[in-house]
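See below for the structure under consideration.
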Amino acid sequence: MKVAIVTAGGSGMGAAAARRLASDGYKVAILSSSGKGEALAKELGGIGVTGSNQSNDDVKRLVDDTMKAFGRIDALVNSAGHGPRDEILKITDEQWHAGMDVYLLSAIRPARLVAPIMAAQKKGAIVNISTAWAFEPNAMFPTSGVFRAGLAAFTKLFADKYAADNVRMNNVLPGWIDSLPEKDERREMVPMARYGTADEIAATVAFLVSDGAGYITGQNLKVDGGLMRGI
């Protein structure tokens with residue numbers, strides 16, 4: 001039996017990842033703040049917790065419930081919501097702190113709890129759903145760009161620490177994905193001339209947690225139709 005936790009998994013890329021992993025034979029445990037994650041988990045034969053990845057207590061409840069139900073955790077997929085947006089110097093201290101919660105700590109909190117479990121198993125994989133703009137930030141998404149650059153640094157440090165325990169962490173960097181409203185000007189930025197699909201992101205996540213990716217850790221994989229080619 002393989003077991004996967006998906007945070008912010010009630011909709012969008014998180015939900016697509018949960019569906020894909022369930023189809024690949026994983027028992028899934030889903031955290032979402034809307035209640036949609038609980039409903040999806042029930043549909044997929046897993047367990048769901050309604051709560052926030054910005055709450056250590058909610059994340060701990062998710063991990064504890066998963067271990068009680070299944071006894072192991074093989075994969076963790078950290079998805080996220082949307083943080084504050086404004087002109088760069090109009091963003092308040094409170095908004096910067098909110099952005100850090102949404103984009104950085106939302107991945108660190110579950111990893112802190114799950115990594116020791118995976119290390120004891122001598123196997124596990126964590127994938128953080130980041131953004132194509134993590135290294136070349138865009139003014140449209142300022143707090144995302146800043147804190148997901150931090151997430152890339154965290155991922156490399158985590159990989160250094162846990163590689164010898166066969167516990168891996170990688171980031172997926174989606175470009176324009178169909179879980180967002182489609183706009184012609186955004187589509188025209190993309191060499192492939194289309195938005196990506198949430199299912200394509202889910203397939204990438206599924207690969208990165210699979211044994212086929214067993215020698216990949218500390219990486220940032222762009223899935224963006226060529227948008228950030230070579231950057």
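Just so we're clear, the structure is a prediction, and the values are computed from it rather than from any experiment. Along the sequence shown, the residues carry numbers beginning at 1.
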Working for side-chain contact (heavy atoms from CB on, under 4.5 Å), residues Tyr162 and Met169: CA-CA 9 Å; Tyr162 284 96; Met169 179 182 283; over 6 Å; no

- Message: For the backbone of Arg20 and the side chain of Tyr26, can you confirm whether one donor and one acceptor N or O come within less than 3.5 Å of each other?
- Response: no

Checking Gln121, Lys122, Lys123 against Asp165 for side-chain hydrogen bond (donor to acceptor under 3.5 Å, both in side chains), the one that qualifies is Lys122

query: With a 4.5 Å limit on heavy-atom distance, are the side chains of Leu227 and Trp133 in contact?
result: yes

#### Entry: NZ (Lys60) with more than 12 external heavy atoms under 6.0 Å
no

Tightest non-hydrogen contact, residues Arg148 and Ala80, listed as NH2-CB, 3.9 Å

In this structure, OG1 of Thr143 is separated from OH of Tyr103 (nearest 0.5 Å) by 4.5 Å

Looking at Gly12, is its backbone amide N or carbonyl O close enough to the side chain of Ser179 to form a donor-acceptor pair, meaning the two atoms are under 3.5 Å apart? no

Here the pair of heavy atoms bringing Arg168 nearest to Gly214 is CD-O, 3.4 Å

Q: Using the rule that two of Ile, Leu, Val, Met, Phe, Trp, Tyr join whenever any of their side-chain heavy atoms come within less than 4.5 Å, decide whether Phe154 and Val127 are in one cluster.
A: no

Shortest non-hydrogen pair, Gly45 vs Lys27, comes out as O-NZ, 3.9 Å

- Under 3.5 Å, side chain of Asn138 to main-chain N/O of Met140, donor-acceptor pair present? yes

Practice task
Quick one: do Gln95 and Lys90 satisfy side-chain contact (heavy atoms from CB on, under 4.5 Å)? Show the steps, please.
Solution key: CA-CA 10 Å; Gln95 288 174 314; Lys90 291 184 177 178; over 6 Å; no

inquiry  = Is there a side-chain contact (heavy atoms from CB on, under 4.5 Å) between Thr131 and Phe141? Walk through the geometry before answering.
reply    = CA-CA 10 Å; Thr131 178; Phe141 312 111; 5.7 Å; no

Would you say Trp176 and Lys183 make side-chain contact, with heavy atoms under 4.5 Å? no

Check: Hey, does Arg109 have a side-chain heavy atom less than 4.5 Å from the side chain of Thr7?
Finding: no

Minimal heavy-atom distance between Pro174 and Ile129, with the atoms involved, is CG-CG2, 3.9 Å

Using the rule that two of Ile, Leu, Val, Met, Phe, Trp, Tyr join whenever any of their side-chain heavy atoms come within less than 4.5 Å, decide whether Val77 and Ile73 are in one cluster. no

- Query: Can you hop from Ile216 to Val223 via hydrophobic side chains spaced under 4.5 Å?
  - Reply: yes

Hey, does Met67 have a side-chain heavy atom less than 4.5 Å from the side chain of Val114? no

### Message
If hydrophobic clusters are built from ILVMFWY residues whose side chains come within less than 4.5 Å, do Tyr195 and Met192 share one?
### Response
yes

message: For residues Leu62 and Val102: do they belong to one hydrophobic cluster (side chain heavy atoms under 4.5 Å, members Ile, Leu, Val, Met, Phe, Trp, Tyr)?
response: yes

Between the CG atom in Asn170 and the CG atom in Leu208, the distance rounded to the nearest 0.5 Å is 5.0 Å

| field | Plane angle bin for Phe147 and Trp96 - parallel if under 30°, tilted between 30 and 60°, otherwise perpendicular | value | perpendicular

Between the CG atom in Leu221 and the CG atom in Asn171, the distance rounded to the nearest 0.5 Å is 9.5 Å

Checklist entry - Quick one: does Ile91's side chain get under 4.5 Å of Pro142's, heavy atoms only? => result yes

Residues Asp184 and Arg187 bridged, charged N to O under 4.0 Å: yes

Here the gap from Asp24 atom CG to Lys2 atom NZ, rounded to the nearest 0.5 Å, amounts to 6.0 Å

Problem set entry | Salt-bridge criterion met for Arg194 and Glu200 (N-O under 4.0 Å) | yes

One should read off an interatomic distance between Met13 CE and Asp178 CG, to the nearest 0.5 angstrom, of 9.5 Å

On a heavy-atom basis, the closest approach of Ala18 and Ile30 is CB-CD1, 3.7 Å

Closest non-hydrogen atoms of Asp74 and Arg72, given as atom of the first, atom of the second and distance, are OD1-NH2, 2.8 Å

Interatomic distance, CD1@Ile5 vs CG@Asn78, rounded to 0.5 Å, equals 9.0 Å

Discussion item. Any carboxylate oxygen within less than 4.0 angstrom of a Lys/Arg side-chain nitrogen, looking at Asp64 and Arg61?
Written reply: no

| task | Side-chain contact test, heavy atoms from C-beta onward, threshold under 4.5 Å: evaluate it for Leu173 versus Met228 and give yes or no. | result | no

